[in-house]
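The structure displayed is predicted, hence computed values, not measured ones.
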Amino acid sequence: PDDSDRSIYTVKPHHKLIADTLEHVERGETSRAAISIGPQFGKSQLASRMFLAWYIGRHPHHNIIFGTYSQDFAEEYGGEVRTIIKSKPYQAVFPQVRLQTGSAAKNLLVTNRGGKVAFIGRNAAGSGKPANLIVVDDPLKNEQEAESPTIRKELHGWWDKVIIARARNSTRIVLIHTRWNEDDEIGRQCDPEHPSRITDEMGKVVDYDPSREWTMLNIPAVLEPSHLATVLGVKPEPQTDPIIVRAFGDKPIAALWPEEFSLKTLATRAAANPIAFNALYMGKPAPDDGAYFKKDWLVEYERHELPGNLRIYGASDHAVSE
């Protein structure tokens, strides 16, 4: 731990992409950033441990709030950030930054420059002071919490009454979590098609769209030939493996982190639960393609090509809102 040249941390392209987004936040070029990526892809190590410690080193006089789904989990992060700050490599980079002596609390770190870092669980109050930086990582614990309308409503209330209440115009906010539900916090804040963009609880039309304020970065576990694949330096290839083709088709794709999550591994998980896979690993709680019916199963015909004894059915979805 005291020899930075012997670090076992493996840096992959998607880590650099996340780090670049966080550096934009630190410099004030991005005031609100939301990052969505699958579980176990290194998001929390970067955004909640390394980033917080690094930001403290560069702004030891700032007040920071870190929030997650429980107080115990928040304090676990607090202990790990404390360990980083007290390490020899950190002190070599930021020799003027120290934590005040006499305080062993994991929920509050105080620097020798007067900055405070509060680690709070969902529903806990803030530090009582305006924050220069707010980081919220995994505000929902699991699928059970995400599927509970009561807990989601509780989360949105905590966000409005505690998180946003501590923010000023200059406050930088980072929201990072794995997607679970269309109505999770990234959905509520960043999706312009979210129902809350249309009407409020009283049915009144809402003109304000907070998604315009956010820089949204979604990094899917399976990459297609797109700008994101180009940025990550991954070359998608046509697929022939029957397990992969059954899950994703034979189009050119690539795994984001093949050393840890191969296409075959991801295909197996997608086949087991396509709806959960699209939410957790693709960042799409409402997938573009159906979970029960696939787009490529639907074949179009000209009218003269249809058999004469065809039985025709009609269906309509009567939308009650825009």
Side-chain angles (χ1 to χ4, degrees), residues 21-35 44 46-71 73-82 84-85 94 96-100 102-103 105-140 153-177 184-186 188-190 196 208-217:
T21 300
L22 296 174
E23 288 182 5
H24 279 280
V25 172
E26 183 272 333
R27 292 194 296 265
E29 298 166 0
T30 298
S31 60
R32 296 190 178 187
I35 303 172
S44 294
L46 268 174
S48 300
R49 297 177 180 92
M50 294 179 174
F51 176 61
L52 282 179
W54 178 73
Y55 187 96
I56 292 167
R58 293 176 66 83
H59 306 277
H61 59 289
H62 278 192
N63 292 318
I64 303 170
I65 295 176
F66 171 84
T68 188
Y69 63 82
S70 76
Q71 186 61 44
F73 199 40
E75 292 181 12
E76 182 178 320
Y77 279 105
E80 293 173 351
V81 172
R82 174 187 291 276
I84 293 174
I85 293 175
F94 301 110
Q96 304 302 320
V97 178
R98 296 285 190 276
L99 296 177
Q100 287 189 5
S103 174
K106 294 182 179 180
N107 65 337
L108 182 65
L109 305 182
V110 183
T111 74
N112 58 340
R113 300 295 183 86
K116 295 182 178 180
V117 190
F119 295 84
I120 63 174
R122 192 181 69 221
N123 294 331
S127 64
K129 293 184 178 180
N132 302 98
L133 170 69
I134 299 174
V135 176
V136 176
D137 183 354
D138 282 336
L140 292 168
K153 184 176 181 180
E154 176 186 282
L155 167 61
H156 302 324
W158 175 73
W159 177 271
D160 291 335
K161 296 174 184 177
V162 175
I163 299 302
I164 298 302
R166 297 289 179 261
R168 296 175 293 188
N169 290 341
S170 60
T171 300
R172 305 161 174 90
I173 301 178
V174 175
L175 173 60
I176 180 167
H177 63 74
D184 56 25
E185 203 56 47
I186 286 181
R188 177 64 66 104
Q189 300 300 322
C190 304
S196 66
Y208 171 61
D209 182 3
S211 66
R212 299 170 189 159
E213 300 179 1
W214 288 85
T215 296
M216 175 66 193
L217 175 64

Just how far is it from atom [atom1] of [X] to atom [atom2] of [Y], taken to the nearest 0.5 Å?
| X | Y | atom1 | atom2 | result |
| --- | --- | --- | --- | --- |
| Arg49 | Glu76 | CZ | CD | 7.0 Å |
| Ile176 | Ser44 | CD1 | OG | 6.5 Å |
| Ile164 | Ile134 | CD1 | CD1 | 6.5 Å |
| Ile173 | Thr30 | CD1 | OG1 | 12.5 Å |

Are Glu154 and Asn123 close enough that a side-chain donor and a side-chain acceptor fall under 3.5 Å? yes
Can you check whether [X] reaches [Y] side chain to side chain, under 4.5 Å on heavy atoms?
| X | Y | result |
| --- | --- | --- |
| Trp158 | Ile120 | yes |
| Leu133 | Phe51 | yes |
| Trp214 | Leu175 | yes |
| His177 | Pro139 | yes |
| Trp159 | Arg188 | no |
| Thr171 | Arg166 | no |

Please walk me through it: do Leu99 and Arg82 pass side chain to side chain contact (heavy atoms under 4.5 Å, CB included)? CA-CA 8 Å; Leu99 296 177; Arg82 174 187 291 276; 3.9 Å; yes
Minimum heavy-atom distance between [X] and [Y], given as atom pair plus value:
| X | Y | value |
| --- | --- | --- |
| Glu75 | Lys106 | O-CB, 3.5 Å |
| Gln71 | Gly121 | OE1-N, 2.9 Å |
| Asp137 | Ser48 | OD2-OG, 2.5 Å |

Using the test side-chain contact (heavy atoms from CB on, under 4.5 Å), find all partners of [X] that sit at least two apart in sequence or belong to another chain.
| X | answer |
| --- | --- |
| Met50 | Tyr9, Gln45, Leu46 |
| Thr21 | Ala33, Ile35, Leu217 |
| Ala53 | Val81, Ile84, Ile85, Tyr90 |

Tell me every residue that passes ring-ring contact (aromatic ring centres under 6.0 Å, His included) with Tyr77, counting only those two or more places apart in sequence or in another chain. Phe66, Phe73
The ring-ring contact (aromatic ring centres under 6.0 Å, His included) partners of His62 (sequence neighbours excluded) come to Tyr55, His59
Any donor-acceptor pair under 3.5 Å linking the side chain of Arg32 with the backbone of Glu213? no
Taking it one step at a time, do Arg122 and Leu140 satisfy side chain to side chain contact (heavy atoms under 4.5 Å, CB included)? CA-CA 9 Å; Arg122 192 181 69 221; Leu140 292 168; 4.0 Å; yes
Please table the atom pairs, donor to acceptor, closer than 3.5 Å between any side-chain atom in residues 109-119 and protein atoms at least two apart or in another chain.
| unit_1 | atom_1 | unit_2 | atom_2 | d |
| --- | --- | --- | --- | --- |
| Thr111 | OG1 | Pro60 | O | 2.5 |
| Thr111 | OG1 | Arg113 | N | 3.2 |
| Thr111 | OG1 | Gly114 | N | 3.4 |
| Thr111 | OG1 | Gly115 | N | 3.0 |
| Asn112 | OD1 | Arg98 | N | 3.2 |
| Asn112 | ND2 | Gln96 | O | 3.1 |

